[in-house]
Enquirer: 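Just dropping this structure here.
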4 protein chains.
Amino acid sequence: AAMDPVNVMEYQMVAKEKLPKMVYDYYASGADDQWTLQEARSAFERITFRPRVLVDVSVQDMSTTILGQKVAFPICVAPTAMQCMATGQGEKATSRAVASMNTLMTLSSWSTTPLEEVAKAAPHGARWFQLYVYKDRACTERLVRRAQAAGYKALCLTVDTPRLGRRENDVKNRFHLPDGLTMGNFLDLVQAEMPTDQKDSGLAAYVASLIDPTLNWKDVEWLKTITNLPIVVKGVLTAEDALMAVKHGCAGIVVSNHGARQLDYSPATIDVLEEVVNAVRGYPIEVYLDGGVRRGTDALKALALGARAVFVGRPVVWGLAAGGEEGVRKVLTMLRDEFKLGLALLGCQSLKDINRSMVVTPADRAKTAVRARL
Amino acid sequence: AAMDPVNVMEYQMVAKEKLPKMVYDYYASGADDQWTLQEARSAFERITFRPRVLVDVSVQDMSTTILGQKVAFPICVAPTAMQCMATGQGEKATSRAVASMNTLMTLSSWSTTPLEEVAKAAPHGARWFQLYVYKDRACTERLVRRAQAAGYKALCLTVDTPRLGRRENDVKNRFHLPDGLTMGNFLDLVQAEMPTDQKDSGLAAYVASLIDPTLNWKDVEWLKTITNLPIVVKGVLTAEDALMAVKHGCAGIVVSNHGARQLDYSPATIDVLEEVVNAVRGYPIEVYLDGGVRRGTDALKALALGARAVFVGRPVVWGLAAGGEEGVRKVLTMLRDEFKLGLALLGCQSLKDINRSMVVTPADRAKTAVRARL
Amino acid sequence: AAMDPVNVMEYQMVAKEKLPKMVYDYYASGADDQWTLQEARSAFERITFRPRVLVDVSVQDMSTTILGQKVAFPICVAPTAMQCMATGQGEKATSRAVASMNTLMTLSSWSTTPLEEVAKAAPHGARWFQLYVYKDRACTERLVRRAQAAGYKALCLTVDTPRLGRRENDVKNRFHLPDGLTMGNFLDLVQAEMPTDQKDSGLAAYVASLIDPTLNWKDVEWLKTITNLPIVVKGVLTAEDALMAVKHGCAGIVVSNHGARQLDYSPATIDVLEEVVNAVRGYPIEVYLDGGVRRGTDALKALALGARAVFVGRPVVWGLAAGGEEGVRKVLTMLRDEFKLGLALLGCQSLKDINRSMVVTPADRAKTAVRARL
Amino acid sequence: AAMDPVNVMEYQMVAKEKLPKMVYDYYASGADDQWTLQEARSAFERITFRPRVLVDVSVQDMSTTILGQKVAFPICVAPTAMQCMATGQGEKATSRAVASMNTLMTLSSWSTTPLEEVAKAAPHGARWFQLYVYKDRACTERLVRRAQAAGYKALCLTVDTPRLGRRENDVKNRFHLPDGLTMGNFLDLVQAEMPTDQKDSGLAAYVASLIDPTLNWKDVEWLKTITNLPIVVKGVLTAEDALMAVKHGCAGIVVSNHGARQLDYSPATIDVLEEVVNAVRGYPIEVYLDGGVRRGTDALKALALGARAVFVGRPVVWGLAAGGEEGVRKVLTMLRDEFKLGLALLGCQSLKDINRSMVVTPADRAKTAVRARL
Ligand SMILES: Cc1cc2nc3c(=O)[nH]c(=O)nc-3n(C[C@H](O)[C@H](O)[C@H](O)COP(=O)(O)O)c2cc1C
Ligand SMILES: Cc1cc2nc3c(=O)[nH]c(=O)nc-3n(C[C@H](O)[C@H](O)[C@H](O)COP(=O)(O)O)c2cc1C
Ligand SMILES: Cc1cc2nc3c(=O)[nH]c(=O)nc-3n(C[C@H](O)[C@H](O)[C@H](O)COP(=O)(O)O)c2cc1C
Ligand SMILES: Cc1cc2nc3c(=O)[nH]c(=O)nc-3n(C[C@H](O)[C@H](O)[C@H](O)COP(=O)(O)O)c2cc1C
């Protein structure tokens, strides 16, 4: 039997071999120079641990709650569009795998499977719905009501995509939905079809024609008039916007740069997480992080810097491509096991034991030097 | 049909294939170790954004004025010599392309086309004339008067070239003007011919014999006696010289290291822009930047750090080589579109919304660490 | 005759050629991304010297004491498991070589030779015993008593291994003890056998089933009830734990990250040595360092930053693989000679002359800049 | 005709092709990991310029004095041993070339030509004699008296070589003097012969048996009793030793790490130059720098940071190997011309115009950030 991948990076290699180039490129790419994509990994590498020893770590509790929903470990699934390109069962496979691992899945507005079917695939799974606001607000409203009706427990409002970032491979590949696939949440509507464009990514054209670039904080208030689901804003990178989220009654913030697919030279999320955490300290809002999490130790770093949980995007897609539902389970198991081992080696018995003094950031190093001097 | 380049770097690759080595090398090279050439790109990469979200970015106004002339977006064209080596129509092609994009062109003293013809090629285009001061001051004076007469709206005085920087490829290639081309602004004069030198770049020999190495601030006063065009000094890299420019009544400053072609180990311009901007704050003088701008996001960074506009040199040459007038238009369109997308993703409706807090420089990072400490 | 290796890195290359891949990988690997493994070398490279000149260095005394035992030079041998995989005589070869060089050896609990035989191989050698605490405390107690009886002079208690770090090559190789070898300290006991695991490193499975993950500071007190050997805690990386070691009466601390084999993204030991040294200054406890020492100059840096001695792990294994007992002697001789030459070139006559002002760390550089300013 | 090298690095490549491997390696190598060797270049690259513009640079005076001797430009020749291995005429070729360029040569104690012949080869050249102190003090004294008699104007006392640094290539090559060559200053003496060693560099063995490792500051006083030549200590890297040099009446200091051939991980000289310059400010002592100078801009940086002149070692050897006397002249001409061009582009009319504000060091960058904050 072929050798199983031993880490998430190896799952990516398997996926690269299995997937058509156009699909792999869509999943893998970042915007422009892909600087932020690389930086996501580099930034995690610049953070080191201060492990404590001689603590009884025979038992470890990794569970926590995410907006009140219990998860078995603090690594959740970020919304990624069009999962049926990766494997036949697409979002349903993800849904089953995530539920079986007792963590939380976010379903993309751009699912290739209707949200109701994704929910039915794993009725007891914890689930959020990621919302893109369409110019057609009636269409948007219907989507929100369906998500609530189908048992999604929060709206994850993506705020970093008034226009689509430029991913050069998608431009070159004239990216489009493969035959037979549609945007599954909009059957028979114009929003179901992605245009093919002779000069550009079809998805960029789709966004330009259908997604609302006027979206602003007032629309958060509007959303609250049509649903009572808690709202999580996804794509905040500054203290200023974090405070706006508090002011507008959001329940959560995902510190995210959209997997480096929107504005290139956005910072690595792990580098601005603390700015956001510090800004909202004391307010009733949860802070999460996504972007570049590939190791259990990355999640540990994010938690030590104040995130309640992390979300992973591409790793799930690589799992799907490599082995469908079982592949996703393997990837999540791997991340969970790495996280658990790291927790033990840090000297922690539960998430409560993870604290700020267990990591050293580049800024910490600079401070130490100055403190030593003054 | 062959694939269109999707970014400026790919235009450079096309140009490299199309041009004779001697010509490509002349356009591409920096001085000595070419450290400053590389550094130009690295320095931009070290600056990250702080994008704001949930701002209505459905409409975006990129227009501004440059010494009062309106441009459609803040990316102008730097003077680059001898453009007929790149394409038959040379400077006339550039002139038409730039005018059609509603931005500003600077014509080099070392144009391979007479300045009057360049003006006539696009009568309504916004245009500056770049001045090299010749030892022969009468010749220089005639040049200035002709530029004013032909409708050039400012003199861009290059101050970093008392002698020509040493570009080793030009030395090896014994760089010279290809047969049939001359310095078009000096027909029938000694200044029209570039010597061929058996041991050196012909252009270096040209400069040594004809350009005035005594040029100093008093000559700025002299220039004001022969023209009433505003004077923009190009090649300032320090606060001290920026204040001298103010003192001598200059209307603008281009923070420039001559595309890394003069003194190697000069800093990247984006790294000293703020020093210059801070020095002249409050004075009636505009500050621009050139050097290494290859992405719309580079221009955004420069504007956030206080530049009124940026200028591009080589990208225009690559466009010319790849596709003549149309090639220049494509390159400028690409930069404009990248700039506009970046503006939207930063959460800006117009250039006025770009502010200092939207970028983080290496110095900012150091300061944050110290502030956290004190 | 083939060329002798001229440095430790070349010994590693020889070992790589001679050893079966499974064995070489086990010896060479670090955990996960092996970031900490690389960092160990990088961190030493970031430290520079301030050599003093015109000092009479005709005679140099490199000797010191380690918990009262005299050693000829301050480079000792760290415990590394299963040395019979490297050479037939395994730990006995090491024992003889180390004793002949008049330095100190630490024997691993996981020796492939009984501790008594290792002692007998070189009766007059200075020796410590490294202790892993087994779930079976009676077994552990027997081990401790045997070590004391056999003349080991301290217990080196490894505190960073409640679970085994994940070394991906060992997972891929399904690492197991080669036929004919056992854990020599546990003949006929369950602790002698390493399981073979169809999906993982056999050693990881061994640790999970037999080593005690509840180990904590109270067990240090327990150890003191069953032995009067001094206790050295190996694997401390923070000031907090260093003070715990003082509080619990330990005689020494090895600042160690287990050769980068446990928690990846632990810091390089040389980067945290000073934190530990400063924390325990004035207390009766010795501080040593291991991790990445490959040059005499590395040892000099550690001593200048406050270590009493350094320990080397892999270099000894490479020596064993390359040339058995003689190979170990050559490696240690090489390190000693490099150390001695460095001492002379630093302007030191003995270890007492090495002081903090002779090295410059990255933090020192930052401080200097700030001091210059304030 | 083959292409002439256009920079010093290309001269090195020519030399590498021409010379036997043993000889090339001896000239090129640094000690141990050769970290300091690489660092010499990196450190220069980390320093940038602040060029001033609009200064009349039509005339430039590069001349200065070195301990009162006039030189045409501040780039002198460091002592390098055994130049007859590079070219038949060896040190005599260097002597003629250097004199013809009106700069200063330092002759090594380990010249392969008697010092008197070197002097006679170019009677009017400015010249220093580099001194190694032999255990045999009578022999040393004779050497000093001969140097003074032959018109050498200073003793350059090398203080960083109580033992020879370990250059691994020399160990591998069992470096020895090629047949027919001897240490030319010691004809018929034991000091003339370099041993061949079956396991080591012959030069290392030579130093160990003949050079005095007890050399210390008192010997500087002794030297003053046997000669009235001014004494320049070569190999100082700290403020402490710089002040010792002042105290013991030295006339000059060469900030040098012996071309990275002695203690590896010594700092780049350009990084510690300012420490030395600041320490001795106001005292009657000149400070020079050697190490890694390969560009005219390197020399400019050293002068801006306070050096009176720089010395070059290997570049001269590459010139010798590539073209004998003429080769040395070409290398020195190249460096002088680069220096002069840089001077112009910095806006300087003479060496007096070079000042501290014209360069920015890494420490300056850190300071700026902190200053901005406070
Ligand atoms: C292939 C792909 C599709 C994505 N689709 C969406 C989407 O539909 N909606 C959304 O808000 N974010 C989307 N994202 C962004 C992810 O939710 C998440 O922010 C990002 O992938 C996290 O980074 P990571 O991939 O490095 O884990 C997508 C990302 C990828 C890679
Ligand atoms: C091929 C070439 C020719 C140039 N010719 C001139 C010139 O004639 N006059 C001048 O002031 N600057 C000249 N420059 C410098 C440019 O105006 C400008 O400062 C530089 O190209 C900006 O950097 P960039 O090429 O990275 O955009 C030239 C630059 C290049 C690359
Ligand atoms: C092959 C190998 C086996 C090791 N076995 C043990 C062991 O049994 N017990 C222990 O405490 N440390 C063990 N270590 C860690 C070493 O004692 C030491 O901390 C580490 O090797 C030092 O780093 P270095 O190899 O870079 O010198 C082992 C390390 C290696 C490389
Ligand atoms: C091949 C070689 C031989 C040298 N011989 C001597 C010597 O005999 N005496 C001495 O003081 N320094 C000697 N040095 C050191 C040089 O004087 C000088 O410090 C060094 O070469 C400067 O660095 P550079 O080679 O990068 O210019 C030698 C250096 C080299 C490369």
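Note that the structure is predicted; figures quoted are calculated from it, not measured. Within every chain, numbering begins at 1; the chains are lettered A, B, ... in the order of the sequence lines, protein sequences first and strands thereafter.
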Enquirer: Which answer fits A/Trp217, side chain, backbone, both or neither, if we ask what part of it has an atom under 4.5 Å from a heavy atom of chain B?
Expert: both
Enquirer: Counting N and O atoms only, with roles assigned by atom type, does the side chain of A/Arg261 sit under 3.5 Å from a partner on the main chain of A/Ser29, one being a donor and the other an acceptor?
Expert: yes
Enquirer: Which one wins on heavy-atom pair count under 4.5 Å against chain B: A/Glu240, A/Arg166, A/Lys199?
Expert: A/Glu240
Enquirer: Counting heavy-atom pairs under 4.5 Å with chain A, which one of B/Thr297, B/Val53, B/Leu346 comes out on top?
Expert: B/Val53
Enquirer: Taking A/Arg281 first and then A/Glu274, would you say they form a salt bridge - that is, a charged N and a carboxylate O separated by under 4.0 Å?
Expert: no
Enquirer: So which part of A/Val272 gets closer than 4.5 Å to some heavy atom of chain B, the side chain, the backbone, both or neither?
Expert: neither
Enquirer: Counting only heavy atoms closer than 4.5 Å, note whether A/Asp264 contacts chain B via side chain, backbone, both or neither.
Expert: backbone
Enquirer: Using non-hydrogen atoms and a 4.5 Å limit, figure out which bit of A/Val171 sits close to chain B: side chain, backbone, both or neither.
Expert: side chain
Enquirer: As an exercise: rank A/Leu237, A/Asp160, A/Val236, A/Asp32 by heavy-atom pairs under 4.5 Å with chain B and give me the winner.
Expert: A/Asp32
Enquirer: For A/Asp219, is it the side chain, the backbone, both, or neither that has a heavy atom closer than 4.5 Å to a heavy atom of chain B?
Expert: neither
Enquirer: Parallel, tilted or perpendicular: which one describes the rings of A/Tyr288 and A/Phe311, with boundaries at 30° and 60°?
Expert: perpendicular
Enquirer: Strictly distance-based, threshold 3.5 Å: is any side-chain N or O of B/Lys301 a donor or acceptor partner for the main-chain N or O of B/Phe44?
Expert: yes
Enquirer: Identify the heavy atoms of A/Thr269 and A/Ser256 that sit nearest to each other, and give their distance.
Expert: CG2-CA, 3.5 Å
Enquirer: Taking atom types as modelled, is there a side-chain donor on B/Asp33 or B/Tyr265 under 3.5 Å from an acceptor on the other?
Expert: yes
Enquirer: Which atoms of A/Glu275 come close to chain B, meaning under 4.5 Å heavy atom to heavy atom: side chain ones, backbone ones, both, or neither?
Expert: side chain
Enquirer: Given the options B/Val360, B/Ile47, B/Val57, B/Val59, which has more heavy-atom pairs under 4.5 Å with chain A than any of the others?
Expert: B/Val57
Enquirer: Please classify the contact of B/Arg41 with chain A as side chain, backbone, both or neither, using a heavy-atom distance under 4.5 Å.
Expert: side chain
Enquirer: Applying the ring-ring contact (aromatic ring centres under 6.0 Å, His included) criterion to A/Phe175, which one of A/Tyr206, A/Tyr24, A/Tyr26 satisfies it?
Expert: A/Tyr26
Enquirer: Is any side-chain N of the basic residue among A/Lys218 and A/Glu221 closer than 4.0 Å to the acidic one's carboxylate O?
Expert: no
Enquirer: Using non-hydrogen atoms and a 4.5 Å limit, figure out which bit of B/Gln349 sits close to chain A: side chain, backbone, both or neither.
Expert: neither
Enquirer: So which atom in B/Leu104 and which in B/Val98 form the shortest heavy-atom distance, rounded to 0.1 Å?
Expert: C-CG1, 3.6 Å
Enquirer: Which one, B/Thr48, B/Val55, B/Leu345, leads in non-hydrogen pairs under 4.5 Å with chain A?
Expert: B/Leu345
